[in-house]
Amino acid sequence: MKTFLLPIVLLLTGCCATAQTTYDEIATSPDKAAGLYYLYPVTKSVNTKVPKGYTPFYISHYGRHGSRYLVGEEQYADPLALFIDAEKAGVLTEKGKEVKRRLENICLDAAERSGELTPLGVEQHKGIARRMYEAFPEVFKGRPSISAKSSIRMRCALSMAAFCEALKEKDPGLEISKESALRYMKYISVSTPQAKEYAPEGARRSAEFESEIVQPERLMSVLFTDPGFTESRRRSSAWLMLNLFRIAVDAPNTPCPERLDDLFTPEERYKLWQYYNYHYYNEMSNPTSARGAVLENGRPLLANILESADAAIARGDNGADLRFGHDSTIVPLLGLLKVEGCYGSTDDPHKLHEVYADFKISPMAANLQIIFFRNKKGEVIAKLMLNEREVSLPVKTDIAPFYRWDDLRAYISDILAEKD
């Protein structure tokens, strides 16, 4: 394998500084505890001045769907059913009765919308598209070749539609091919044999951490006059606490005004974030014991990115490849590429916050954009933007945050050539 590594001290320092997440950070910004349900953080992007003589001509993009409802009607219905049973049994406190009322309103809003894109999710993708067009207008001049493909999940197809609609609002003359088909799932949303093999081990580790860190006793005493009521209905108190937290953190993604944030203390909020951060880390990222198996889910997408970039460069025209999928693909892609802050590796759940934070990597509508530039000599350079912010790779460059395409292409090719 060719050597493209930056000095190791600089690399590790940058990685840890990006990922370190303290109790104080989440206490100050409680919304960050939402993790993968965190609202897309819209901030003004800083675009470093392009080296002289280079003009943007192509964008390779992958975007997670925007804000959505929880996936699975039972994630709403089962907690509510428990509260209904508790009310019938006469064991709800006044606070418990209030929470039941709020849950009823939340469930009413979410009914038959499981996993669907919300209006906020539409606006997130429209905003990202507008800012992309405004930042790199040259890409869309003339008759650019623009292809958009999405996962077969409706939330992804609607995210694609919103994104493309916003581009056409900027330039009604743009022609964009849009497709959502099973054939594209081979790289847009994949679960590889390697990742599937690790899944039971990851689930076991997550369950062990849950038993250590989730402490539901205080909350149960607030909601029920009989704190052991949940167990009498064959539901653990930890299960209820985790489900209420998941409903709470997803609520800002929906149009429903009801909230459950007040149920959790700052300490509980941080610990629950730690649990979910570790849970999804095992499912999507780079736990040491997985030996890269989970990251394999990003390999087909990375191969498509390379193939599509080669084709775009060979055509010589302007254009973009837009892809719309899921966190379960963008997270392993970022880890496979070793994007700063996205590939920390540990099996110690108590230390994960030092190297990895889900809300910094894949909030709702998370996106990776690789922007390509060329000069009159036909030389190509590129830069990466995660959630519209410039990010670095362990690739040697003297024009950071830009990389010469020959170097970046060799780096990607080496990743794709690696064997288990």
Side-chain angles (χ1 to χ4, degrees), residues 1-15 17-18 43-63 128 131-141 144-145 298 301-302 304-323 330 333-343 360-361 366-416:
M1 181 182 290
K2 297 180 180 66
T3 301
F4 295 101
L5 297 181
L6 292 171
I8 192 67
V9 173
L10 176 61
L11 178 60
L12 290 176
T13 300
C15 174
T18 302
T43 55
K44 186 174 181 180
S45 178
V46 176
N47 275 304
T48 300
K49 187 175 181 180
V50 183
K52 186 176 180 180
Y54 285 89
T55 303
F57 73 96
Y58 172 66
I59 297 174
S60 184
H61 157 279
Y62 186 93
I128 294 165
R131 292 188 293 274
M132 175 189 284
Y133 186 97
E134 292 164 1
F136 309 105
E138 298 90 343
V139 170
F140 302 96
K141 299 303 181 186
S145 300
L301 175 57
L302 184 58
N304 178 260
I305 287 172
L306 181 60
E307 178 184 350
S308 301
D310 283 345
I313 292 169
R315 284 196 309 268
D317 58 3
N318 295 350
D321 283 300
L322 310 172
R323 309 167 185 87
I330 192 171
L333 170 69
L334 296 169
L336 196 62
L337 277 169
K338 292 185 172 62
V339 172
E340 62 175 290
C342 300
Y343 63 100
K360 296 178 182 178
I361 298 170
N367 59 95
L368 176 68
Q369 300 177 28
I370 308 178
I371 319 298
F372 290 75
F373 309 78
R374 64 187 167 202
N375 61 16
K376 292 182 178 179
K377 296 179 181 179
E379 297 168 332
V380 176
I381 62 175
K383 73 170 180 177
L384 284 76
M385 301 181 74
L386 174 59
N387 302 329
E388 302 176 81
R389 309 295 295 182
E390 294 171 347
V391 288
S392 65
L393 296 174
V395 176
K396 184 179 179 181
T397 180
D398 59 350
I399 52 172
F402 303 90
Y403 301 92
R404 301 185 193 284
W405 175 238
D406 287 345
D407 292 338
L408 182 53
R409 190 188 188 287
Y411 173 72
I412 294 173
S413 296
D414 280 352
I415 292 173
L416 294 174

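The analysis underlying the following values was restricted to heavy atoms, covering all of them including side chains, and did not include hydrogens, waters or symmetry mates.
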Nearest 0.5 Å, please: how far is CG in Leu386 from CG in Leu368? 6.5 Å
State plainly whether the residues Arg315 and Asp317 are in salt-bridge range, i.e. N to O under 4.0 Å. yes
Glu390/Lys383 ion pair, N-O < 4.0 Å: yes
Between the side chains of [X] and [Y], does any donor sit under 3.5 Å from an acceptor?
X: Lys52; Y: Asn375; value: no
X: Gln369; Y: Ser60; value: no
X: Ser392; Y: Glu340; value: yes

Donor-acceptor under 3.5 Å (Arg374 side chain, Ile313 main chain): no
Side-chain donor/acceptor of Arg323 to backbone N/O of His61, under 3.5 Å: yes
Stepwise side-chain contact (heavy atoms from CB on, under 4.5 Å) test for Leu306 and Ser413: CA-CA 8 Å; Leu306 181 60; Ser413 296; 3.7 Å; yes
Considering all heavy atoms of both residues, which atom of [X] and which atom of [Y] are nearest to each other, and what is their separation?
X: Phe402; Y: Val50; result: CZ-CA, 3.7 Å
X: Phe136; Y: Met385; result: CZ-SD, 3.8 Å
X: Cys342; Y: Leu334; result: CB-CB, 3.8 Å
X: Ile361; Y: Gly341; result: CD1-O, 3.6 Å
X: Lys396; Y: Tyr403; result: O-CD2, 4.5 Å
X: Leu337; Y: Leu393; result: O-CD2, 3.3 Å

Test log, rule ring pair (Phe, Tyr, Trp, His ring centres under 6.0 Å), inputs Phe57 and Phe373: CA-CA 6 Å; Phe57 73 96; Phe373 309 78; 8.2 Å; no
What is the ring orientation for Tyr58 with Phe372, classed by angle as parallel under 30°, tilted 30 to 60°, or perpendicular over 60°? tilted
Dump the intermediate steps for side-chain contact (heavy atoms from CB on, under 4.5 Å) on Thr397 and Asp407, then the final yes or no. CA-CA 8 Å; Thr397 180; Asp407 292 338; over 6 Å; no
For Asn387, the side-chain contact (heavy atoms from CB on, under 4.5 Å) test, sequence neighbours excluded, returns Tyr40, Pro363, Ala366, Asn367
